[in-house]
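Notes follow once the structure below has been shown.
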Amino acid sequence: MEQHYKLFRVRELADNDEEFIATLAAAFLEEVPEDAERLKKAVAEKDYREAYQAAHKMKPTVDLFELGVLATLIEVQDWGKFEKRDLDIKPQLDIVIDAVEKAIDELRSDFNL
């Protein structure tokens, strides 16, 4: 439990209400996988605007659950925002996606979702 994510800030936000914490975990599992797929597709297609929007949407949740890749996600976001055509953002994207996928698997297991 809590290897690939941290609940400290979630618990603080939820005032240690376990039911609310479970609701936040379920919301993570509902939103983040979809956003991650959207981000992967946007980067693959060099759709800078879509990559920016997907990464920007993911930031608060990635930060709240402390996946440890916020700075890397911001690099991906800025790649899209500033249309950094000369930069290969794939290595940073891979780091973010790996962290997200590990957190998804662990949250599903830990919360039986």
Side-chain angles (χ1 to χ4, degrees):
M1 183 158 188
E2 294 187 50
Q3 283 185 294
H4 302 289
Y5 68 92
K6 303 289 179 250
L7 288 180
F8 176 78
R9 293 177 65 205
V10 173
R11 287 188 190 288
E12 194 175 80
L13 176 69
D15 199 27
N16 287 316
D17 178 339
E18 291 300 322
E19 190 174 313
F20 187 53
I21 292 168
T23 299
L24 290 173
F28 180 103
L29 293 173
E30 187 175 314
E31 295 289 325
V32 174
E34 184 179 298
D35 293 335
E37 284 304 313
R38 183 175 154 212
L39 182 59
K40 284 196 298 191
K41 183 175 187 262
V43 169
E45 295 175 357
K46 293 190 180 345
D47 184 339
Y48 297 98
R49 184 171 186 266
E50 186 71 11
Y52 165 72
Q53 289 178 339
H56 184 73
K57 184 177 178 221
M58 290 173 67
K59 275 189 337 188
T61 310
V62 165
D63 187 32
L64 180 63
F65 281 83
E66 299 182 68
L67 302 191
V69 293
L70 183 61
T72 309
L73 179 59
I74 291 169
E75 287 182 57
V76 177
Q77 172 192 273
D78 288 351
W79 173 85
K81 182 178 183 179
F82 300 112
E83 296 189 16
K84 296 182 178 180
R85 299 176 192 279
D86 58 335
L87 177 66
D88 178 11
I89 201 66
K90 182 94 171 63
Q92 291 89 333
L93 174 67
D94 291 344
I95 291 167
V96 170
I97 296 302
D98 182 58
V100 165
E101 288 173 350
K102 286 177 179 173
I104 288 167
D105 290 344
E106 191 173 0
L107 281 164
R108 279 191 181 128
S109 174
D110 292 348
F111 287 90
N112 298 314
L113 298 170

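- With hydrogens and angles disregarded, a donor-acceptor distance shorter than 3.5 Å links the side chain of R9 to the backbone of D63.
- Panel note: side chain Q92, backbone E75; no donor-acceptor pair is recorded below 3.5 Å.
- Taking both residues in full, the closest heavy atoms of V69 and I95 are given as CG1-CG2, 3.9 Å, listed atom of the first, atom of the second, then distance.
- For K59, the side chain to side chain donor-acceptor pair (under 3.5 Å) criterion is met by Q77, not counting sequence neighbours.
- Looking at residues two or more places apart in sequence or on another chain, you find a ring pair (Phe, Tyr, Trp, His ring centres under 6.0 Å) between F65 and F28.
- A salt bridge does not link K40 with E45: none of the charged nitrogens is closer than 4.0 Å to a carboxylate oxygen.
- Looking at D15, its side chain never comes within 3.5 Å of a backbone N or O of D17 through a donor-acceptor pair.
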Review point. Can you list the steps and then say if L29 with R108 is a side-chain contact (heavy atoms from CB on, under 4.5 Å)?
Key: CA-CA 8 Å; L29 293 173; R108 279 191 181 128; 3.7 Å; yes
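- Not a single side chain to side chain donor-acceptor pair (under 3.5 Å) links E2 to another residue, sequence neighbours left out.
- Atom CD of E19 has 12 or fewer neighbouring heavy atoms from other residues, nucleotides or ligands inside a 6.0 Å radius.
- Counting heavy atoms from C-beta on, the side chains of E18 and R11 come closer than 4.5 Å.
- Salt-bridge check for E31 with K57: passed, with a basic side-chain N closer than 4.0 Å to an acidic carboxylate O.
- Of all heavy-atom pairs between D35 and A54, the closest is O-CB, 4.0 Å.
- When all heavy atoms are compared, the tightest approach of A36 to V100 is CB-CG1, 4.1 Å.
- Looking at L67, V32, L24 one by one, the single match for side-chain contact (heavy atoms from CB on, under 4.5 Å) with T61 turns out to be V32.
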